[in-house]
Each structure stands twice: as C-alpha cells, then as structure tokens.
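Numbers for residues simply follow the sequence, beginning at 1.
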Amino acid sequence: MSDMIFSWAEDATGKMVHIDSVLQGLKCNCSCPCCHEKLQARHGKIREHGFAHHSMKRRANLKICYMVIMYKLAEQIVLQEKKIHVPSYYDIFKERDIIFSEVTIDDKYDRKDKQPDVIATTADGEQFLIEFTFDNKVQHKKKIDYRNLNCIEIDLSAQTLETLQNFILHSNENKKWINNPSYFEQIEKVYLEHEKQVKIINEKDCIKCELNINCCGIKLKGDDNPMTIENSGELYRICKIKEFNKMKELYRKDAERNNFFEQQRHLFYENKI
C-alpha cells in the first residue's frame with residue numbers, strides 16, 4: 001500500500017471508481033470517503049498512478065483513509081456482483097458461493113442495534129448479514145445481536161484494493177461464520193445421512209456430564225479438545241451417541257466393580273474384628 005496513492009476513490013454520486021475510469025487531475029471530481037478531501041487523479045508515468053489527496057495541509061490519517069476505501073469498495077463489490085464465496089461451516093457444510101437477489105448497504109434495515117455492513121437476501125428469501133473487519137476490528141462501537149440470523153465475518157486485513165474482488169468472490173480464507181441457525185439445525189440430520197448418530201449438546205450441560213474428562217464430543221483434525229459450535233450466543237458440542245453410551249456403560253461397570261470391592265473390604269475388616 002502506498003503512503004499517498006489509492007487506486008480507488010469515491011465520485012460525486014458516492015460510487016467507488018477506479019483510477020483508470022476517471023479524468024486527469026481534479027477533473028475526476030472524486031473525494032476520499034473517509035476524510036472527504038478532494039482527490040486528484042494522476043495518470044502519468046513519471047508520478048505514481050492513482051488518486052492522491054489534493055490539500056498540501058492534509059491532516060488525514062492515510063492508513064484510516066485506506067481502510068475506509070477498502071470497506072466501501074467491499075460493500076460495492078457485493079452490491080454489484082450479488083455474490084460472495086463463504087467458507088465451510090465447522091467442516092460439516094462445504095464452502096460454496098451464495099448468490100443474492102437483493103443487497104442493501106444503507107441504513108434502512110429495521111434493527112435496534114448497529115447497522116450491519118451488508119444485508120443480502122437470496123432468491124428463496126434467506127437473509128445474510130455480512131460484516132467486514134480490518135485487523136480483527138469491527139467498525140461499529142455497539143455489538144450486533146445475531147441471534148437466529150445468518151452472519152458471515154470477512155477480514156480484509158490481508159487484502160489490497162487490487163485483490164479485494166477476487167478475494168470476496170472466490171476465496172474461503174479469512175472468512176468465518178458468526179452465526180448460521182439454518183446450518184445449525186441440520187447438523188444431526190447431516191451426520192445421520194452418513195450413518196453417524198450424534199446429538200447437539202449445550203456446553204453448559206457437557207461440563208456437568210460425568211464423562212466430561214473423557215468427552216465424546218467430535219474433535220477437529222489435529223485438535224485434542226472437543227469442537228465447539230457457536231449458535232445464537234451459546235456454545236455447543238456434537239456428542240457421538242454410540243461412543244457416549246459405550247463410555248457410560250464402562251463407567252457403570254467400573255462403579256459396580258468399585259462398589260463390590262468396597263463392600264468386600266468392609267466385610268474383611270468386620271470379620272477380622
């Protein structure tokens with residue numbers, strides 16, 4: 001990223017435009033969407049190709065300006081293309097493209113908490129909230145309530161203005177599901193289709209389970225701890241029913257055996273006395 005030059009800027013209509021699509025100099029009629037200073041378009045080979053802040057007394061933080069331009073361009077890409085590529089959901093549902101019939105990036109979404117970056121709806125009426133982050137920081141100050149809503153978080157930190165479109169439309173990196181109740185509700189069914197019986201258990205209940213140390217929850221490859229799934233503000237584990245019942249039976253037999261030995265010990269000492 002250059003300290004001074006950006007390849008995208010905001011035109012007079014609020015649309016993000018590329019340097020190659022505008023007139024030279026101040027005739028580009030563009031501004032920075034962050035500090036709102038006028039920008040001049042540089043097309044020459046001698047000076048760096050791109051938009052530069054026009055003011056000689058510029059006080060804008062160019063790093064923040066770049067981040068805001070990145071956010072605005074990301075929103076515009078989803079608005080224009082009506083598509084994103086999403087990662088797998090806990091390795092249960094595969095990564096895929098989601099095609100939208102309607103995308104909204106204004107403030108008209110009826111919510112009591114802060115407005116999401118993008119609200120997108122598929123042809124069958126399924127709605128997705130899309131959050132863009134930069135260095136793991138979300139723009140808004142107020143936390144959004146995602147309960148019972150589909151939400152995907154997309155971290156733009158590793159991108160440039162030139163790589164952004166390909167990243168949003170085709171990559172599964174630096175993206176994660178914050179919530180997806182429709183996927184969550186299908187987990188047990190998906191495992192059953194693969195002839196594996198599981199049960200979704202709230203982690204609060206798992207902690208109380210007598211098998212907690214030898215938890216029968218499914219683990220991700222390379223991880224020694226049971227996988228946790230976040231849904232609507234709660235954490236869950238996927239319990240393997242067959243293994244759970246087997247372990248519970250072993251615990252029961254151990255308890256019976258220990259009880260038998262304890263009884264024999266008492267009898268021995270009573271007879272000895």
Side-chain angles (χ1 to χ4, degrees), residues 78 82-104 109-133 138 143-155 168-169 171-212 215-223 225-248:
V78 180
K82 290 186 169 53
K83 168 189 168 183
I84 61 170
H85 188 79
V86 297
S88 70
Y89 180 82
Y90 298 96
D91 288 341
I92 301 170
F93 293 89
K94 296 180 180 180
E95 63 179 271
R96 67 185 179 101
D97 290 339
I98 301 180
I99 309 299
F100 305 116
S101 58
E102 181 180 354
V103 176
T104 306
Y109 191 55
D110 185 20
R111 294 179 60 82
K112 293 180 181 179
D113 53 15
K114 187 68 178 178
Q115 170 76 11
D117 293 316
V118 175
I119 306 100
T121 308
T122 62
D124 59 4
E126 190 172 17
Q127 193 172 72
F128 293 83
L129 309 185
I130 303 171
E131 280 293 346
F132 294 115
T133 69
V138 182
K143 187 177 180 180
I144 292 180
D145 182 3
Y146 296 122
R147 283 175 295 182
N148 302 316
L149 297 171
N150 297 317
C151 182
I152 185 80
E153 182 179 279
I154 301 177
D155 187 357
I168 290 175
L169 300 182
S171 176
N172 65 352
E173 298 294 324
N174 297 319
K175 300 175 181 179
K176 66 178 181 180
W177 287 104
I178 300 299
N179 209 47
N180 193 320
S182 57
Y183 274 170
F184 180 78
E185 292 170 2
Q186 299 177 63
I187 291 175
E188 293 179 7
K189 179 183 176 182
V190 169
Y191 275 95
L192 194 58
E193 289 173 352
H194 290 81
E195 299 181 348
K196 296 178 181 179
Q197 189 177 8
V198 300
K199 186 173 181 61
I200 302 296
I201 307 290
N202 193 300
E203 196 170 56
K204 294 176 183 176
D205 297 322
C206 287
I207 293 172
K208 302 174 185 176
C209 177
E210 61 181 331
L211 307 183
N212 183 255
C215 180
C216 300
I218 287 177
K219 301 174 183 178
L220 290 175
K221 188 176 181 180
D223 195 343
N225 298 314
M227 175 177 65
T228 56
I229 292 180
E230 184 174 353
N231 185 68
S232 296
E234 296 284 338
L235 293 177
Y236 299 84
R237 296 181 188 177
I238 305 176
C239 182
K240 294 179 280 189
I241 300 300
K242 187 175 181 180
E243 184 176 328
F244 173 82
N245 290 334
K246 182 179 179 180
M247 288 294 296
K248 194 171 182 180

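Contact detail for Leu149 and Pro181: the closest heavy-atom pair is O-CD, 3.3 Å. Considering every non-hydrogen atom in both Trp177 and Ser88, the closest pair reads CD1-O, 3.6 Å. The two residues Leu235 and Asn202 come nearest to each other via the heavy atoms O-OD1, 3.6 Å. The two residues Asn172 and Pro87 come nearest to each other via the heavy atoms O-CB, 3.8 Å.
Looking at heavy atoms from C-beta onward, Tyr183 lies out of side-chain contact with Asn150 at the 4.5 angstrom threshold. Put simply, the side chain of Val86 does not reach to within 4.5 Å of the side chain of Phe128, judged on heavy atoms. Counting only heavy atoms from C-beta outward, the side chains of Cys215 and Asn225 never approach each other to under 4.5 Å. Between Asn179 and Asn231, the closest side-chain pair of non-hydrogen atoms falls below 4.5 Å. Put simply, the side chain of Gln186 reaches to within 4.5 Å of the side chain of Phe93, judged on heavy atoms. Two residues are said to be in side-chain contact when any heavy atoms from C-beta on lie closer than 4.5 Å; Ile92 and Ile229 meet this criterion.
Atoms CD1 and CD1, on Ile187 and Ile200 in that order, are 4.0 Å from each other to the nearest 0.5 Å. Once rounded to the nearest 0.5 Å, the distance linking CD1 of Ile168 with CD1 of Ile130 reads 8.5 Å. If you take CD1 on Ile218 and CZ on Arg237, they are separated by 12.5 Å, rounding to the nearest 0.5 Å. Taking SG of Cys151 as the start and CD1 of Ile119 as the end, the distance is 10.5 Å to the nearest 0.5 Å. With rounding to the nearest 0.5 Å, the separation of SG in Cys209 from CD in Glu203 is 12.5 Å. Atoms CD1 and NZ, from Ile238 and Lys199 in turn, are 13.0 Å apart once rounded to the nearest 0.5 Å.
No more than 12 heavy atoms of other residues, nucleotides or ligands lie within 6.0 Å of CZ in Arg147, so this atom counts as exposed by the packing criterion. Heavy atoms of other residues, nucleotides or ligands lying less than 6.0 angstrom from CD of Gln197 number 12 at most. Applying the 6.0 Å contact sphere to NZ of Lys219 captures more than 12 heavy atoms from other residues, nucleotides or ligands.
Lys83 meets the salt bridge (Lys or Arg N to Asp or Glu O under 4.0 Å) test with Asp97; sequence neighbours excluded.
A distance-only check finds a donor-acceptor pair linking the side chain of Ser101 to the backbone of Thr121 [under 3.5 Å].
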Check: Would Ser182 and Glu126 count as a side chain to side chain donor-acceptor pair (under 3.5 Å) if you check the C-alpha gap in whole Å, the side-chain angles of each, and the deciding distance to 0.1 Å?
Finding: CA-CA 9 Å; Ser182 57; Glu126 190 172 17; 3.1 Å; yes

Next item on the list: Check the pair Glu95, His85 against side chain to side chain contact (heavy atoms under 4.5 Å, CB included), reporting the backbone distance first and the verdict last.
Entry: CA-CA 7 Å; Glu95 63 179 271; His85 188 79; 2.7 Å; yes

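Screening residues 172-181 for salt bridge (charged side-chain N to carboxylate O under 4.0 Å, His left out) gives Glu153-Lys176 as the qualifying pairs, with residues at least two apart or on separate chains.
The ring pair (Phe, Tyr, Trp, His ring centres under 6.0 Å) with Phe184 is formed by just one residue from the set Tyr236, Tyr90, Tyr89; it is Tyr236.
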